[in-house]
Amino acid sequence: MTNQVTVAPIGVFDSGLGGLSVVGHIQQHLPSESLIYVADTGHLPYGPKSAGYVAERAQRLSAFLIEQGVKAIVVACNTATAAAISSLRQTLEIPVIGIEPGVKPALAKSRTGVVGVLATEGTLGSEKFRRLVNEHSRSGKVIVQPCHGWVELVERGELDTPLALRLVTEPVELLLQQGADTLVLGCTHYPFLTSLISQVAGSDVVIVDTGRAIAQELQRRLGQEGLLNEQQTLGQTELRTSGRPDTLALTIQSLLGSAVQIKQLPQSWC
Ligand code: DGL
């Protein structure tokens with residue numbers, strides 16, 4: 001007999017395509033789970049917007065996902081997690097997994113005791129991030145850099161152009177000049193720029209991405225709640241956007257190297 005609960009999909013959302021860096025880890029860890037991914041491209045970027053605006057979008061996308069029957073939601077966006085995770089957990093009755101910059105693992109890896117966090121203004125200016133840094137202040141020094149234009153580079157699939165190199169160089173060099181030997185990717189778009197960041201920072205600098213840890217946490221929570229899909233069949237991933245599906249499909253193809261289908265989010269949720 002089919003168990004309706006365990007075959008329900010998992011909802012994932014981000015302001016755009018960045019959360020696909022997290023989806024890759026989820027697919028690796030939980031291959032039999034089906035996913036519904038929403039890229040809120042019509043409202044991108046979240047980083048410079050107010051916490052209230054981002055929280056409202058997070059509630060709206062979550063309501064859409066709930067209507068699709070998801071059994072858990074992954075907020076694959078540091079900015080939306082900072083703005084909305086508490087209110088989402090208060091209003092939703094299913095597990096909600098968020099993502100935050102990997103300050104703790106970075107401090108554990110750092111030899112200089114200085115870690116640099118690359119993230120959006122929204123994340124860096126949030127109360128949640130301030131608390132995270134305070135919590136770990138005894139383990140070392142945390143310095144930060146907002147990264148202007150990085151999200152848009154990824155959304156255009158522009159990962160190795162002269163403009164990409166110029167935009168990536170400045171914040172990375174500023175962090176290295178202040179002694180950082182470990183860089184935290186505090187935005188889910190940034191893993192797509194890892195090879196450029198590495199090229200600028202040099203191979204001695206450690207780059208920390210929390211995508212894998214989120215997939216592990218999701219697996220743990222689903223297991224705890226008895227929500228894991230125990231079937232051996234391969235899960236499907238459905239993509240939706242509040243932006244333009246045709247242009248997005250091309251960018252996703254250049255980011256992931258494979259053709260995908262992406263559908264419009266129904267107008268009432270855009
Ligand atoms: N990918 C998002 C994050 O992790 C937000 C990027 C944006 O829209 O500014 O913060």
Side-chain angles (χ1 to χ4, degrees), residues 11-26 37-62 73-85 88 96-103 106 116-130 132-133 144-159 164 167-168 171 183-194 197 207-215 217-218 239-244 247-248 251-252 255-256 265 270:
V12 184
F13 73 85
D14 177 41
S15 62
L17 301 179
L20 292 176
S21 66
V22 178
V23 164
H25 291 286
I26 298 175
Y37 180 88
V38 184
D40 199 15
T41 326
H43 297 264
L44 178 120
Y46 281 176
K49 306 225 165 72
S50 74
Y53 182 92
V54 175
E56 210 206 296
R57 286 308 300 162
Q59 287 287 357
R60 201 154 178 72
L61 299 181
S62 298
I73 289 180
V74 177
V75 184
C77 174
N78 293 261
T79 314
T81 298
I85 198 82
L88 290 175
V96 182
I97 316 295
I99 186 164
E100 65 181 14
V103 167
V117 179
L118 301 155
T120 68
E121 303 95 299
T123 298
L124 298 176
S126 69
E127 177 57 25
K128 192 166 188 307
F129 183 71
R130 195 188 61 76
L132 177 71
V133 173
V144 304
Q145 266 306 313
C147 305
H148 300 292
W150 289 25
V151 165
E152 290 82 355
L153 285 175
V154 173
E155 290 294 321
R156 292 195 299 268
E158 199 181 326
L159 309 183
L167 289 177
V168 165
L183 298 178
V184 178
L185 305 183
C187 168
T188 53
H189 280 75
Y190 303 170
F192 288 109
L193 294 165
T194 301
I197 298 168
I207 296 175
V208 174
D209 166 26
T210 33
R212 186 159 176 262
I214 297 317
E217 172 61 8
L218 173 66
L239 304 173
R240 296 272 191 165
T241 177
S242 56
R244 300 218 13 217
T247 29
L248 223 58
T251 314
I252 298 175
L255 290 180
L256 304 183
L265 190 69
C270 284

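We count residues from 1, following the sequence as given. Start at 1 and go down the list; that is how both ligands and their atoms are numbered.
Nearest protein neighbour of atom 10 (O) of ligand 1, counting heavy atoms only, is Thr79 OG1, 2.6 Å. At the shortest separation from atom 7 (C) of ligand 1 among protein heavy atoms lies Tyr46 N, 3.3 Å.
For Arg156, the CZ atom is densely surrounded, since the number of other residues' heavy atoms within 6.0 Å is greater than 12. Taking a 6.0 Å sphere around CD of Glu121, one finds it holds more than 12 heavy atoms contributed by other residues, nucleotides or ligands.
Listed by atom number, the atoms of ligand 1 under 4.0 Å from Ser15 heavy atoms are 5 (C), 6 (C), 7 (C), 8 (O). Less than 4.0 angstrom separates some heavy atom of Cys187 from each of these atoms of ligand 1: 1 (N), 2 (C), 3 (C), 4 (O), 6 (C), 10 (O). Listed by number with element, the atoms of ligand 1 under 4.0 angstrom from any heavy atom of Val151 are 6 (C), 7 (C), 9 (O).
The line from OG1 of Thr120 to CG of Asn78 is 7.5 Å long, rounded to the nearest 0.5 Å. The CG atom of Leu124 sits 8.0 Å away from atom SG of Cys147, with the distance rounded to the nearest 0.5 Å.
Contacts with ligand 1 closer than 4.0 Å are made by side-chain heavy atoms of Thr120 only, the backbone lying farther away. With a 4.0 Å cut-off on non-hydrogen atoms, Asp14 touches ligand 1 through its side chain and not its backbone.
No side-chain donor-acceptor contact under 3.5 Å links Thr251 to the backbone of Gly157.
Ring geometry, His43 versus Tyr53: the interplanar angle falls from 30° to 60°, so the pair is classed tilted.
Residue contact check for ligand 1: Gly16 places no non-hydrogen atom closer than 4.0 Å to it. A heavy-atom separation below 4.0 Å is found between Gly47 and ligand 1.
When only interatomic distances are considered, the shortest N/O to N/O separation between Thr123 and ligand 1 does not fall below 3.5 Å.
Shortest non-hydrogen contact noted between His189 and Leu44 is NE2-CD1, 4.2 Å.
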